[in-house]
Amino acid sequence: MNFGKIDKKWQKIWETKKNYKTIDKTKSKKNFMLLVEFPYPSGDLHIGHWYAYAVPDILARYLKMKGNNVMYPIGFDAFGLPAENAAIKRKINPAVWTENNIKFMTKQLKSMGASFDWSRVISTIDHQYYKWTQWIFLKMYQKGLAYRAKTMVNWCPNCKTVLANEQVIAGLCERCDSEVIQKEFEQWMFRITDYADRLIDDIKDLDWPQTTKLAQKNWIGRSEGVIVKFDVKCQMLNVKCPSIEVFTTRLDTIFGCTYLVLAPERVSALIQNSEFKIQNSGEVENYINQTKKKTELQRLEIDKEKTGVKLEGIKAINPFDKEEVPIFVADYVLGHYGTGAVMAVPAHDERDFEFAKKYNLPIKEVIIPDVIDKKNPPVPGKKTVERRNVHAIVRNPQNNKFLCLKSKKFLWTTFPMGGIEENEDVVSAARREVEEETGYKNLKLIKVLGGKVRAEYFAKHKDENMIAHTTAVLFDLINEEKSEIDKEWEESHEIMWIGEHKLNYNTMVHAEMDIWEKRLKGDETAYADDGALVDSGQFTNLKSSEARVKMVQWLKKNNFGNSKKIFKLHDWVLSRQRYWGVPIPIIKCDNCGYVPVPEKDLPIKLPPLKDFLPTEEGKSPLAKAKNWVNVKCPKCKNPAQRETDTMDTFVDSSWYFMRYTDPKNKKVFADKKKMKLWLPVPMYIGGAEHNTMHLLYSRFFTKVLYDLKLVHFNEPFIGRKNHGIILGTDGQKMSKSRGNVVDPDKEVKKFGADTVRMYLAFAGPYEQGGPWNPGGMLGIRRFLERAYKLKSKISSGKISNKNLEVLLHQAIKKVSEDIENFRFNTAISALMILLNEIEKQSQLSIVNYQLFLKLLSPFAPHLSEEIWSNLGNKKNIHLEKWPEYNPKLIKKENFELIIQINGKLRDKISVESGISQKEAENIALNQEKIKNFIGGKTVKKIIFVPEKLINIVI
RNA sequence: GCUCGGGUGGCGGAACGGUUUACGCAGAGGACUUAAAAUCCUUGCCCUUAAUUGGGUUGUGGGUUCGAAUCCCACCCCGAGCACCA
């Protein structure tokens, strides 16, 4: 059978009949745009494109047959760097290169046999498209959402050019391998941070994968904290200097602040400020210059040792306790986050802890772990007492066992423990308790096991609630020598030594046990969790969360700060110093400043250019098109210049889906009525790599256009599915260097489009992707050939085949549900099972064959069309209605009853559907096998799962 | 380091509280054929047994349950994203 011929035949018929041209149905409510991410025209379709477009086509065709008015659009995201690189390398025009690629890829895309609506195809380099990209930019400019600001960019000092992130490879310039540095330039920005709150809050309404939602949340990175003002004192002049503001989410730890840290970027300005009088400004400047020289790579290095320099001569004053603390500059603090300054609390922050250890700075504990005993929680209404406690943890170094006491009355296992008396230190208290309770008196102090722990529990033996502040002390036993102990105590307690592995909250009654365990094992670290406050003035004893609320109130009242929301998300730098992009429609005039191009002059077309290499420092190659650059100012008519930067390609793709609804409109970017028919997009399928960029930018654009009342929806994509990646046969990512790239054209030539489509759908769950397995193709090909051969079984007469009918209807149900849930692999397996069964029959009615073909048609559109028309049908199979299953027909008459004994399979037996537990019991208990298994034992219990199994418990 | 996925035959995977391994690939045996390919049929983890007898088995170890691949806890490994975000 010649699959290739069949493919071409039907692709041609579909095209001439315009089968997949979508019309705007106004009456039908079932308009459905199935959106897939449009490709970059890199020149060659790879297997990933097939996965991204041919597999969702199954869903598109299914939805269409289900009665929806489906639009399955496609286009090209055609601006971008590779075209420019190709132009430089091959000395051809990027437009020519790109357009050739589009032509070639269009041909390749058509070979998939997908139901794309080619009448709506768009391309972002089409000036009728980018006219509207420019128009939207101007709208944003007018709203103040597009602005200019200085920002750091990748700069190659050798090529004297700005580099995109993709052009920086391991910190080096892609072209000349010199070290890339960060340089400040003025750039066009979008104020996406204005929308940060809405972008985060509206996520919850989206039917998106959890991972994508989380990725966006983390990317936006909202954190609610406090700005605290620290006054600064210059010691030499004894005068007040400008204060320093820090950002913190842990205001509750402020009494533990022992120094302040400023990011290097912040300090440059400070040194210039004469009011500060930093005594070691030379050393400080030196440090700042060093950090500047560090490449991006070194800065990101993990486990990098922290460095910093103290600013001599000035001190910061903690607003709460008026404590004077030193100020450091250190590059472990980020300049672009928060205020670029932090209060360091080494006791409760890992990074500060590490820094304080290195530079020998004081570590002051102000938060202690706060636990509520799950096993003995406080009883409401009982008296509550507070006390200081000590736990003595005594280890016998001979056998590494620990000394415990078991109360015979309460069945508790505890360490020797008790209250600390007044004027007694913890270690002596611990020694005393050990001696009193166990008699052991020769102990070697190892260490006090960290700070106090606050625990709330109900003390049964005293009938009161206890709030205990407990310190643990670790000893080694020197020898077995004992003093005499209290008789009564001795009788009611058992002394025992238990192994380390049993030292946990299951065995021991102490609520603090988890913390002791960690401290016994672990290295010293900061305690960074919430807890209860100690040594914190009027806030002592509060819990972290309560303290934060009260302390902000205090700050506000005393004018030392306020709460503040901070985002990780930065404003979007949209300008690129590149040729192959949309020109930014702005004119720079010496008199009027930045003047937007009047709407009537749009689009500002990209001028033809021969040389794409930038010459002037930091200028776009467009600056070389002198005739194009020099214009009259639209306002004052004096000579002026065009903006020469172009836009980030993410701008182009932030609104493309809107254009699909009205791709040829010359008056607006898309007609509102048409958008109402199709948008927002109910399902958008694409790669997980767009989780944070493209998807976020599209949401931002949509919200802006919504606020401008230009669109009626404020979220662009209601549903979203991420597809997996097809790997090489070796399970590695496909790449030319690995030589594991699969060429779809070759596969199509060998097996036909249907086989390739279906194989990809069958390989695994769509979200997961998986390795390419050439053998798997054979299986699908065989399946399709067998489906074709079924025609030899056709009988013209009526045949009733109840059994087959049940299977058919089960398959309708399964295939429909699986397609809707993107489980194409199991849908195909259901079709295979069905085919296996049909083959077992000697005859097949034409009705049943046609039913089977309809189920197959979304997966193998060409072949099913071919057979369908061979059967004498004039209309296309894809215009047929999707079959409905009959719920009455999917029930089998018999089923296999599983008989278990104690949950283990012992027998299976075919029984009538719908039998009762009684009947099932009778059958099961009378099986010879089962009788043998039960022997003489009594049946304790019988569990019956209707239509499935019976479990006999003996 | 943090977050999110995921560990099931020789392989891709199915089952997501109830028969572990559906469906497909590869393998083995057979039929057809002068022969091969294609096609069709049979088979399908490990140990054990006279026996399709019995036992084991879903990364490891525990727990919940009549019953766990599935739920809970701890650990190990693989992948992806973020990465000193105070």
Does A:F3 have its ring centroid less than 6.0 Å away from the ring centroid of A:F751? no

Aromatic ring proximity A:F859/A:F762, centre distance under 6.0 Å: no

Give one of base, sugar-phosphate or nothing for A:A215, where a contact means two heavy atoms less than 4.0 Å apart. nothing

Once you apply a heavy-atom cut-off of 4.0 Å, does A:K948 come out as touching a base, just sugar-phosphate, or nothing? sugar-phosphate

Identify which nucleotide among B:U39, B:U3, B:C84 has an atom closest to any side-chain atom of A:N218, counting heavy atoms from C-beta outward. B:U3

Would you indicate which nucleotide in B:G18, B:C23, B:U19 comes nearest to any side-chain atom of A:E896? B:U19

For a quick test of reading the model: is some side-chain N or O of A:R823 closer than 4.0 Å to OP1 or OP2 of B:A14? yes

With a 6.0 Å cut-off on ring centres, are A:F353 and A:F355 close enough? no

Mark yes or no for a side-chain to base donor-acceptor pair under 3.5 Å between A:K940 and B:C66, with no hydrogen or angle criteria applied. no

Paired nucleotide for B:A28 [Watson-Crick or G-U wobble; both distances under 3.5 Å]: B:U42

With respect to the phosphate group of B:G24, does any side-chain polar atom (N or O) of A:R782 fall under 4.0 Å of OP1 or OP2? no

When you measure from the side-chain N and O atoms of A:Q768 to the phosphate of B:G13, is any distance below 4.0 Å, counting only OP1 and OP2? yes

A:Y759 and A:W772 aromatic centres sub-6.0 Å: yes

Quick check on B:A22: is either OP1 or OP2 less than 4.0 Å from any side-chain nitrogen or oxygen of A:T826? no

Strand partner of B:U58, provided both Watson-Crick or wobble distances fall under 3.5 Å: none

Less than 4.0 angstrom between a side-chain N/O of A:N825 and OP1 or OP2 of B:A14, yes or no? yes

